[in-house]
Protein chains: 2
Amino acid sequence: MTSMDMNSERPYAGIIERLKEAGLRPTRQRLALARILFDGPDRHVTAEALHSEVMEANIRVSLATVYNTLHQFTRSGLLREVVVDSGRAYFDTNMSDHHHFFDEDNGRLTDIAPDDITLSGVPTLPEGSKLSRVDVVLRVSSADK
Amino acid sequence: MTSMDMNSERPYAGIIERLKEAGLRPTRQRLALARILFDGPDRHVTAEALHSEVMEANIRVSLATVYNTLHQFTRSGLLREVVVDSGRAYFDTNMSDHHHFFDEDNGRLTDIAPDDITLSGVPTLPEGSKLSRVDVVLRVSSADK
DNA sequence: GTGTTTGCAAAGTGTTTGCAATTTA
DNA sequence: TAAATTGCAAACACTTTGCAAACAC
């Protein structure tokens, strides 16, 4: 008995519509990735990690397709990118306004609810520019040994 | 004796001591880079940009040395890295507590004084981790045409 | 002299792209 | 069948590294 009983009859219910709404054909690869990403609680993934995960589920998806899909999902508003590392891209399924802890030792991201932190007095923007987003990252080290 | 004069007679005055204090030999390459970085107002650079700049000054420094030097300076507390792009590293000569505007259209960083923005109510950290830094990035698009 | 630093070129990492083959509608 | 999507392998951008030659003290 697995914990996925409630999904086993119509495993892609909802997800198919979600992809269609985004104008993306519900292909085998996109469905597998979307299911990993959107079935369950919010997640933070890198392309490599998501690729490993989908492979472990015995679904063959190329790494190139994982990259393409992550960007399509981002463009469609299903994901957002979180910049915390100058060497790799992270994606977040939580599209609501919030911030992050980033553990520099293990590369793990954790959400911070917007109520848990307050940012006030946003300064005047440089001439002729418009604010597209505010990112707050609390960098921590886990130093766990 | 003080090293307060920034005139052209002793172009490296101060910088040499600064490198020595950091335990770094004042080589031709390090002096040239340090001068570009620390003579004048605070700056934000990428490795490529700094390399171009030093080359324009007719000082031959390899890109590998620029990378190595940026990291040595960072380790020594002369620079800090600012993470705003998942594809390249930015370095900031301003070591005091402050935040940034990042223009996503032209890759330009601008400092925000800590008084111009207030962050309150930092949440409890995950179990067993310690805060190493708080980064606030206001992403803007210049959309200048 | 001796240990440090440099430059080169090669290697490494993460990511994107061109295009033929495959799949979807 | 027409258009979208995939996978591969090659190309890319940025960064790091091994090592012999050059340099600083």
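Here is the naming used below: chain letters follow the sequence lines, and residue numbers restart at 1 for every chain.
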- Going by the side chain to side chain donor-acceptor pair (under 3.5 Å) test, name the single residue among Asp115(B), Asp116(B), Asp92(B) that passes it with His98(B).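 That would be Asp92(B); it is the only one of Asp115(B), Asp116(B), Asp92(B) passing the side chain to side chain donor-acceptor pair (under 3.5 Å) with His98(B).
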- Message: Apply side-chain hydrogen bond (donor to acceptor under 3.5 Å, both in side chains) to residues Thr69(B) and Gln29(B) and explain how you reach the verdict.
- Response: CA-CA 9 Å; Thr69(B) 303; Gln29(B) 291 85 338; over 6 Å; no
- Using a cut-off of strictly less than 4.0 Å, decide whether Arg30(B) has a side-chain nitrogen or oxygen near OP1 or OP2 of dT4(C).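 False: Arg30(B) side-chain N/O out of range (4.0 Å or more) of dT4(C) OP1/OP2.
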- Message: With a 4.5 Å cut-off on side-chain heavy atoms, are Ser129(A) and Phe101(B) touching?
- Response: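 With C-beta onward as the side chain, the pair stays apart.
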- Does Ser141(A) offer a backbone N or O that forms a donor-acceptor pair with the side chain of Asp103(A) under 3.5 Å?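 No: the side chain of Asp103(A) does not pair with the backbone of Ser141(A).
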- Are the side chain of Arg30(B) and the backbone of Arg25(B) linked by a donor-acceptor contact shorter than 3.5 Å? yes
Just jot down the side-chain hydrogen bond (donor to acceptor under 3.5 Å, both in side chains) partners of [X], sequence neighbours excluded, or say none.
| X | answer |
| --- | --- |
| Ser62(B) | Thr65(B) |
| Thr93(B) | Asp42(B) |
| Arg18(B) | none |
| Arg133(A) | Asp135(A) |

- Task: Output all residues satisfying ring pair (Phe, Tyr, Trp, His ring centres under 6.0 Å) with Tyr90(B), sequence neighbours left out; order by chain, then residue number.
- Result: Phe102(B)
- Query: Near DNA chain C, under 4.0 Å by heavy atom, which residues of residues 60-89 of chain B?
  - Reply: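 Heavy-atom cutoff 4.0 Å gives Arg60(B), Val61(B), Ser62(B), Ala64(B), Thr65(B).
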- If one requires at least 3 consecutive Watson-Crick or G-U pairs with distances under 3.5 Å, the stems of DNA chain D turn out to be C:1-25 with D:1-25
- Got a sec, which pairs hit ring-ring contact (aromatic ring centres under 6.0 Å, His included) with one end in residues 21-48 of chain A, sequence neighbours left out?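 Matches after skipping sequence neighbours: Phe38(A)-Phe73(A), His44(A)-His100(A).
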- Message: Considering only residues two or more places apart or on different chains, which pairs with a residue in residues 54-81 of chain B satisfy salt bridge (Lys or Arg N to Asp or Glu O under 4.0 Å)?
- Response: none
- Message: Test: salt bridge (Lys or Arg N to Asp or Glu O under 4.0 Å). Region: residues 93-102 of chain B. Which pairs qualify, not counting sequence neighbours?
- Response: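 Of all non-adjacent pairs touching residues 93-102 of chain B, none passes salt bridge (Lys or Arg N to Asp or Glu O under 4.0 Å).
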- Item | Euclidean distance, atom NE2 of residue His51(B) to atom P of dT6(C) [Å, nearest integer] |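 Interatomic distance, NE2 of His51(B) to P of dT6(C): 13 Å.
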- Closest nucleotide of DNA chain C for Gly23(B) versus for Ala47(A): which of these residues is on the 5' side?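 This one resolves to Gly23(B).
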Between the protein and nucleotides 23-25 of chain C, which nitrogen or oxygen pairs are less than 3.5 angstrom apart?
unit_1	atom_1	unit_2	atom_2	d
dT24(C)	O2	Arg25(A)	NH1	3.0

- What are the bounds, 5' to 3', of the part of DNA chain D that sits under 4.0 Å from heavy atoms of chain A?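 Span of nucleotides near chain A: dA3(D) to dC8(D).
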